[in-house]
Amino acid sequence: SNNVVVTVYSTPPANAGADQNICEGTSTQLNASGGITYAWSPSTGLSNSSISNPIANPSITTTYTVTITDVNGCYATDDVVITVLPIPIINILPSSGKICVGDTITINANGAITYNWTPSIGLSSDTSATTIAQPSVTTTYTVTGANQYGCTNYNSITISVEPLPILTISPNVAGVCSGQSINISVNGAANYIWAPSTGLSSTTGSSVIASPITTTTYNITGISASGC
């Protein structure tokens with residue numbers, strides 16, 4: 001007779017780690033333990049499917065199964081669920097804007113629950129969905145919105161600030177005898193409006209003939225090509 005000893009080894013304590021929630025487009029690290037070799041399935045979205053702690057970046061909610069093998073060749077499996085939460089879709093209205101120096105524009109964001117605008121310079125509020133912008137120079141504002149899961153996304157709007165026209169009048173002070181007239185010209189804009197109309201040959205144009213019967217102050221409004 002003879003004997004043989006059959007040793008029964010314990011199954012390794014496979015542990016794939018705790019289930020996790022991530023936001024769409026982000027990643028997380030898996031942490032398995034209990035063995036000396038590891039094999040993850042599926043491998044989709046994993047940085048390495050044969051290590052204990054790969055980086056997971058799934059595009060949809062995924063259950064990963066890890067097979068853990070110990071020094072004796074015994075193996076066991078465990079699962080971990082990575083839930084992918086949606087990010088908000090942030091819209092801004094209008095999508096772009098143009099103002100003149102000193103003017104304001106109202107911009108509205110939607111698609112999230114909370115908002116944060118940067119930079120805050122020139123804004124009536126940097127934490128509300130609707131804000132009034134009055135930048136002094138052309139500025140790109142970025143709004144970051146968060147949804148009910150705490151996931152964030154962003155969008156941007158550029159507000160172009162157009163300069164005001166600088167008007168030059170010639171002559172800016174003039175004297176004329178009663179019953180006579182004088183030519184007055186202006187430059188620095190694309191279009192002009194003169195007021196009052198009394199005694200003027202025209203209320204538009206860069207040059208007019210003035211024949212006032214009393215001392216009169218004429219106001220000229222110049223409008224640039226961009227509408228300022």
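When a residue number appears, it is its place in the shown sequence, counting from 1. Remember, it's a predicted structure, so these values are computed and weren't measured experimentally.
Among residues two or more places apart in sequence or in another chain, the side chain to side chain contact (heavy atoms under 4.5 Å, CB included) test is passed with Ser136 by none. In this view, Tyr75 and Thr67, Thr69 satisfy the side chain to side chain contact (heavy atoms under 4.5 Å, CB included) rule, not counting sequence neighbours. Residues passing the side chain to side chain donor-acceptor pair (under 3.5 Å) test with Gln29, sequence neighbours excluded: none. Partners of Asn72 under the side chain to side chain donor-acceptor pair (under 3.5 Å) rule, at least two apart in sequence or in another chain, do not exist in this structure. Residues forming a disulfide bond (SG atoms under 2.5 Å apart) with Cys100 (at least two apart in sequence, or on another chain): Cys228.
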For residues 77-94, please give each side-chain donor-acceptor pair under 3.5 Å, one per line with the distance, not counting sequence neighbours.
residue, atom, partner, partner atom, Å
Asp78, OD2, Ala16, N, 2.8
Asp79, OD1, Thr65, OG1, 2.5
Asn91, ND2, Asn110, OD1, 3.3

Check residues 50-60 and write down every donor-acceptor pair under 3.5 Å in which the side-chain atom is one partner and the other belongs to a residue at least two apart or another chain.
residue, atom, partner, partner atom, Å
Ser50, OG, Asn48, OD1, 2.9

For residues 138-145, please give each side-chain donor-acceptor pair under 3.5 Å, one per line with the distance, not counting sequence neighbours.
residue, atom, partner, partner atom, Å
Thr138, OG1, Val161, N, 3.1
Thr139, OG1, Val137, O, 2.8
Thr140, OG1, Thr158, OG1, 2.9
Tyr141, OH, Ile121, O, 2.8
Thr142, OG1, Ser156, OG, 2.9

Atom pairs and distances, donor-acceptor, side-chain atoms in residues 173-187, under 3.5 Å, two or more places apart:
residue, atom, partner, partner atom, Å
Asn183, OD1, Ser207, OG, 3.2
Asn183, ND2, Ser207, OG, 3.3
Ser185, OG, Ser170, O, 3.4

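Taking Ile, Leu, Val, Met, Phe, Trp and Tyr as members and joining any whose side-chain heavy atoms lie under 4.5 Å apart, directly or through other members, Val5 forms no hydrophobic cluster with any other residue.
Pairs passing the side chain to side chain donor-acceptor pair (under 3.5 Å) check and including a residue from residues 111-129, sequence neighbours excluded, read Ser124-Thr131, Ser125-Ser128. Note on residues 114-158: pairs passing disulfide bond (SG atoms under 2.5 Å apart), not counting sequence neighbours, are Cys23-Cys151.
Tracing side-chain contacts under 4.5 Å through hydrophobic residues (I, L, V, M, F, W, Y), one reaches Ile169 starting from Leu200; they form part of the same cluster.
The side-chain heavy atoms of Leu30 and Gln20, taken from C-beta on, include a pair separated by under 4.5 Å.
Remark: the backbone N or O of Lys98 is not paired with any side-chain donor or acceptor of Ser160 at under 3.5 angstrom.
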